[in-house]
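Before any comments, here is the structure.
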Amino acid sequence: MAKKIKEINWDYAPSLESTSHIEVKEKYELFIDGKFVKPSSGNYFNTVNPATNEVLSSIAYANEKDVDNAVKAARKAYNEVWSKLSGKERGKYIYRIARLMQERARELAVIETLDAGKTIRESRDIDIPLACNHFFYYAGWADKLEYAFPNRKVESLGVAGQIIPWNFPLLMAAWKIAPALAAGNTVVLKPAETTSLTAMKLAEIIRDSGLPAGVVNIVTGYGDTGAAIVNHEDINKVAFTGSTAVGKIIQKAIAGTGKKATLELGGKSANIIMDDAPIDQAVEGIINGIFFNQGHVCCAGSRLFVQEGVADVVIKKLKRRMDSLIIGNPLDKNTDVGAINSKEQLDTINKYIKIGINEGAEMYQASCEIPKNGYFCPPTIFTGVAQSSTIAQEEIFGPVLTIQTFRTVDEVIQKANNSPFGLAAGVWSDKGSRVFNLTSKLNAGVVWANTYNKFDPASPFGGFKESGYGREGGMHGLSAYVKLK
Ligand code: NAI
Ligand code: MG
């Protein structure tokens, strides 16, 4: 959807990514033991394009029996094939998956955008390349585990149950599957109910790669399907990314069972602008941190802290940049802000916007037209926010930014750390010593300096406090899938 930029007064011509090269089937089955099988309940649910509300496909609903079949297939593949293969052979399969994904990158990007509502720019330039890179990166570790953990005997865990969210569907599948396979485990993975399509495409790729049957099983369904995986007695490890509420349920469910777990939960990350920061870059960093991805990032820079001396200019420039953002059809290459992933999520975001207004904060929304069909929310900022405001404390997971000011470094450290979460943070300053001082005092798993939302497969990611525990990515990500003796 082209949009007029107020002060410039010219339009971008629409530049739609083609959908002619992709195949989305009417129906997707479960991927168990190397085959696509019907769900034992016979039930399917729809997945929609959140930008248009059109049904894209129907997805099999896996119940406990299907999950049991998947776990049995994974156990058998573990005992009979995968745990007996050398690291070098495992690595070859993982490389093959990576290459097949790369060959089909364009198709995967378009499907991700259709199913999740995220912009084609994001799925094409971030999600899919990073997902491929994850497989390439961990393929390289498969035959080098003894170097990752020197002087230790490294053993795989067994069957990993993996449950992923809807914000980076294929990327989260890659984060989970690649290190598990590299370390010698087999997998039962469940994508989120609103975004199963790229996981099913990955199932096709895995089948085409010749990976032995049962090494990766993909079951689709709702939260109860996820719970059936978590509670299955023959799972050795649970890897979960999603809400803190479900993370807590999982932690309770596995207590005392000996199952290993990594939980990557929510965030309320601080983005801190010091008065010597490069202001224009910082404003772009704020936009990138919370608006380019509809705020659907666990590490989104959703709490902005600006030093008083530059607060006025930062907020003025931020509003101007917000007004130039193009919101609309996620398949349009010009679009900056795509659709909210689901009606439920849009309702949650709107609920928080109301709370913000009722609590007395001052709201500003980007002056852009919102498409009529589908689920959209304009980029929104709140000033006059108190530290205790609900919108500054709770995760919103939408394009909603709270802005607070500060005078001293100690004050901003205290404010930034005053959160139940501890996933990420950003610091903008021209001075290295200021950056290092802040980064060492922020309680966050990842701290970016003069940038935001940068990822690399070699660098570990994860949080403190209610943001969860365990690390994904890098060598740390491997250790979550091994026993060391
Ligand atoms: P959710 O935590 O309910 O869903 C994440 C995944 O867990 C999905 O695959 C879901 O089917 C599964 N699941 C749900 N209940 C389960 C259970 N009892 N046992 C096992 N698996 C279960 O997240 P939801 O409802 O989609 O979003 C709610 C909020 O969670 C968002 O508003 C956001 O604040 C947060 N969130 C955080 C994410 C992150 O990356 N950390 C990703 C998605 C949501
Ligand atoms: Mg969908």
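Along the sequence shown, residues are numbered consecutively beginning with 1. Atoms within a ligand are numbered from 1 in the order they appear, just like the ligands themselves. Because the structure is a prediction, the values reported are computed rather than measured.
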Show me the side-chain donor-acceptor pairs of residues 392-401 shorter than 3.5 Å, one per line, residues at least two apart or across chains.
from: Gln393; atom 1: NE2; to: Gln387; atom 2: O; distance (Å): 2.9
from: Glu394; atom 1: OE1; to: Tyr352; atom 2: OH; distance (Å): 2.7
from: Glu395; atom 1: OE2; to: Gly267; atom 2: N; distance (Å): 2.9

Donor-acceptor list for residues 124-135 side chains, cut-off 3.5 Å, not counting sequence neighbours:
from: Asp127; atom 1: OD1; to: Lys118; atom 2: NZ; distance (Å): 3.2
from: Asp127; atom 1: OD2; to: Lys118; atom 2: NZ; distance (Å): 2.7

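Phe36 does not carry Arg207 over the face of its six-membered ring by the limits of under 6.0 Å from the centre and within 45° of the normal. Both the sub-6.0 Å distance and the 45° axial angle are satisfied by Lys27 relative to the ring of Tyr44. Judged by the 6.0 Å and 45° rule, Arg303 forms no cation-pi pair with Phe406.
Protein residues with a heavy atom under 4.0 Å from ligand 1 are Ile163, Ile164, Pro165, Trp166, Asn167, Lys190, Pro191, Ala192, Glu193, Tyr222, Gly223, Gly226, Ala227, Phe240, Thr241, Gly242, Ser243, Val246, Glu264, Leu265, Gly266, Cys298, Gln345, Glu395, Phe397.
Remark: Lys25 engages Glu204 in a side chain to side chain donor-acceptor pair (under 3.5 Å) (not counting sequence neighbours).
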